[in-house]
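One structure is given below, encoded as structure tokens.
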Amino acid sequence: MKLLVTGGAGFIGSNFILYWIKNHPDDKIVNLDKLTYAGNLENLKEIEKNQNYSFVRGDICDAKTVNNAMQEIDFVVHFAAESHVDRSIAEPATFVMTNVIGTQVLLDSAVKNNVKRFHHVSTDEVFGSLELNNSNKFNERTNYNPRSPYSASKAGSDYLVRAYFSTYGLPITVTNCSNNFGPYQFPEKIISLAITNILENKKIPIYGDGLYVRDWLYVEDHCRAIEAVLQKGKIGEAYCVGGLTEDINNLEIAKKIIKILGKDESYIEFVKDRPGHDRRYAVDWSKIKNELGWQPLYSLDEWLEKTVKWYTENESWWKAVKTGEYQRYYEKQYGRN
Ligand code: NAD
Ligand code: TYD
């Protein structure tokens, strides 16, 4: 089988490629990635010479590049996106371009080339925000209500993927997953930012009151969920994917990381809140569990310890990332410190 992975040099895409090559060594993988600030071929060093792996640098908005990469592809696994909410608030146009237009260009090419599956990696953020202190969770029947330019652009891409199923019969599947964490995450997202900041003896910036809740999914559990959907998922269906967490807020996440690293709570710094900040996400993943037999492997605490260990042992990876453009972004977002 031959897979086209878009955005394979990013956080989840690179974890997926490493996972897939390890578990499906006979499959071929083409990685199409523009290498934006978030793309990093260092993530794929261990497999870059593998004969079944090839890399194409290109933009998913460019129909010619996409069409060339789509030749003889069986499955498309579409990760490429602009993925950070704060950047979407500062620069929404790039999000609409890549996430909406880029997805549409890929879909057209997938139809033209008769791919056997187009799997779209989406987010629980398309569902909007839940209230604190109730037991509601997002599921596959929850109405879309995106509230940031990022989630609105992902919702737009989800709708297009579904439309290509209804209109052109493209065999699609979608996963809407919660917040991922793990190795190779660009240190702009809260867990990788918090760990690497403490390792640099800097504070963790906590937005607003810190009582915002996310559902946390370890990246390898996510890769296993996509594998289950590729192998056993029903064409035309979406699956919600979440972790083994029950309403942990950002302050609690920061405190857990501080504890693992043996520091004290003076490392927490409350900063200005994010505009339109979604209060709470929680995911009901019973459909993928009941229909495809997937569930997360370990608890948040176990995965968090492994993740902290990975960043501690891979300082050269994140130190190289936290330079240049990153410094400029950090100053703009958080001010000098
Ligand atoms: P990321 O920002 O780490 O990586 C995105 C990758 O896409 C980068 O390698 C980048 O170079 C590439 N890319 C961006 N624009 C491109 C373009 N125009 N053409 C080709 N490549 C381009 O993102 P991530 O965290 O790995 O997320 C992957 C996918 O999963 C995204 O679709 C995101 O919406 C979704 N998702 C992420 C999370 C999360 O917690 N990180 C949660 C739910 C869903
Ligand atoms: P983030 O990792 O950006 O993911 P998302 O916005 O897609 O959920 O943020 C996770 C939570 O952490 C969210 O409630 C915002 C909050 N947050 C902070 O408190 N400080 C920060 O510096 C960042 C980046 C996020």
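FYI, the numbering just counts along the sequence from 1. Both counts, for ligands and for their atoms, begin at 1 and track the order of listing. What you are looking at is a predicted structure, and each value in this text was computed from that prediction instead of being measured.
- A donor-acceptor contact closer than 3.5 angstrom links the side chains of Tyr53 and Asn31.
- Ser299 and Asp301 share no donor-acceptor pair across their side chains, judged by distance under 3.5 Å alone.
- Here Tyr207 and Tyr212 keep their ring centres 6.0 angstrom or further from each other.
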Would you be so kind as to tabulate the donor-acceptor pairs closer than 3.5 Å made by side chains of residues 163-173, with sequence neighbours excluded?
unit_1 : atom_1 : unit_2 : atom_2 : d
Tyr164 : OH     : Gln104 : NE2    : 3.4
Tyr164 : OH     : Asp108 : OD1    : 2.8
Ser166 : OG     : Arg162 : O      : 3.2
Thr167 : OG1    : Ala163 : O      : 2.8
Thr173 : OG1    : Arg117 : NH1    : 3.1
Thr173 : OG1    : His119 : ND1    : 2.8

Any protein N/O atoms within less than 3.5 Å of an N/O atom in ligand 1? List the atom names and distances, or say none.
unit_1   : atom_1 : unit_2 : atom_2 : d
ligand 1 : 2 (O)  : Ser83  : OG     : 2.6
ligand 1 : 3 (O)  : Phe11  : N      : 3.1
ligand 1 : 9 (O)  : Gly10  : N      : 2.9
ligand 1 : 9 (O)  : Asp33  : OD1    : 3.3
ligand 1 : 9 (O)  : Asp33  : OD2    : 2.6
ligand 1 : 11 (O) : Asp33  : OD1    : 2.6
ligand 1 : 11 (O) : Leu35  : N      : 3.4
ligand 1 : 11 (O) : Thr36  : N      : 3.0
ligand 1 : 11 (O) : Thr36  : OG1    : 3.1
ligand 1 : 18 (N) : Asp59  : OD1    : 2.9
ligand 1 : 18 (N) : Thr98  : OG1    : 3.2
ligand 1 : 19 (N) : Ile60  : N      : 3.0
ligand 1 : 21 (N) : Lys34  : N      : 3.0
ligand 1 : 23 (O) : Ser83  : OG     : 3.3
ligand 1 : 26 (O) : Phe11  : N      : 3.3
ligand 1 : 26 (O) : Ile12  : N      : 2.8
ligand 1 : 32 (O) : Phe79  : O      : 2.8
ligand 1 : 32 (O) : Lys154 : NZ     : 2.6
ligand 1 : 34 (O) : Tyr150 : OH     : 2.7
ligand 1 : 34 (O) : Lys154 : NZ     : 3.0
ligand 1 : 40 (O) : Asn180 : N      : 2.8

Are there any N/O pairs under 3.5 Å between ligand 2 and the protein, and if so, what are their distances?
unit_1   : atom_1 : unit_2 : atom_2 : d
ligand 2 : 2 (O)  : Ile190 : N      : 2.9
ligand 2 : 3 (O)  : Arg274 : NH2    : 3.0
ligand 2 : 4 (O)  : Asn179 : ND2    : 3.2
ligand 2 : 6 (O)  : Arg274 : NH1    : 2.5
ligand 2 : 6 (O)  : Arg274 : NH2    : 3.2
ligand 2 : 7 (O)  : Glu125 : OE2    : 2.5
ligand 2 : 8 (O)  : Asn179 : ND2    : 2.8
ligand 2 : 8 (O)  : Arg214 : NE     : 2.7
ligand 2 : 12 (O) : Asn250 : ND2    : 3.2
ligand 2 : 14 (O) : Arg214 : NH2    : 3.3
ligand 2 : 14 (O) : Asn250 : ND2    : 2.9
ligand 2 : 14 (O) : His277 : NE2    : 2.7
ligand 2 : 19 (O) : Tyr207 : N      : 2.8
ligand 2 : 20 (N) : Pro205 : O      : 2.8
ligand 2 : 22 (O) : Pro205 : O      : 3.4
ligand 2 : 22 (O) : Tyr334 : OH     : 2.6

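- Counting non-hydrogen atoms of neighbouring residues, nucleotides and ligands closer than 6.0 angstrom, the NZ atom of Lys289 reaches no more than 12 such neighbours.
- Sparse packing is recorded around CD of Glu246, with 12 or fewer heavy atoms of other residues, nucleotides or ligands lying under 6.0 Å away.
- A donor-acceptor contact closer than 3.5 angstrom links the side chains of Tyr281 and Glu125.
- Take Trp294 and apply the ring-ring contact (aromatic ring centres under 6.0 Å, His included) test, not counting sequence neighbours, and it matches Trp285.
- Relative orientation of the His84 and Tyr329 rings is perpendicular, given thresholds of 30° and 60° on the angle between their planes.
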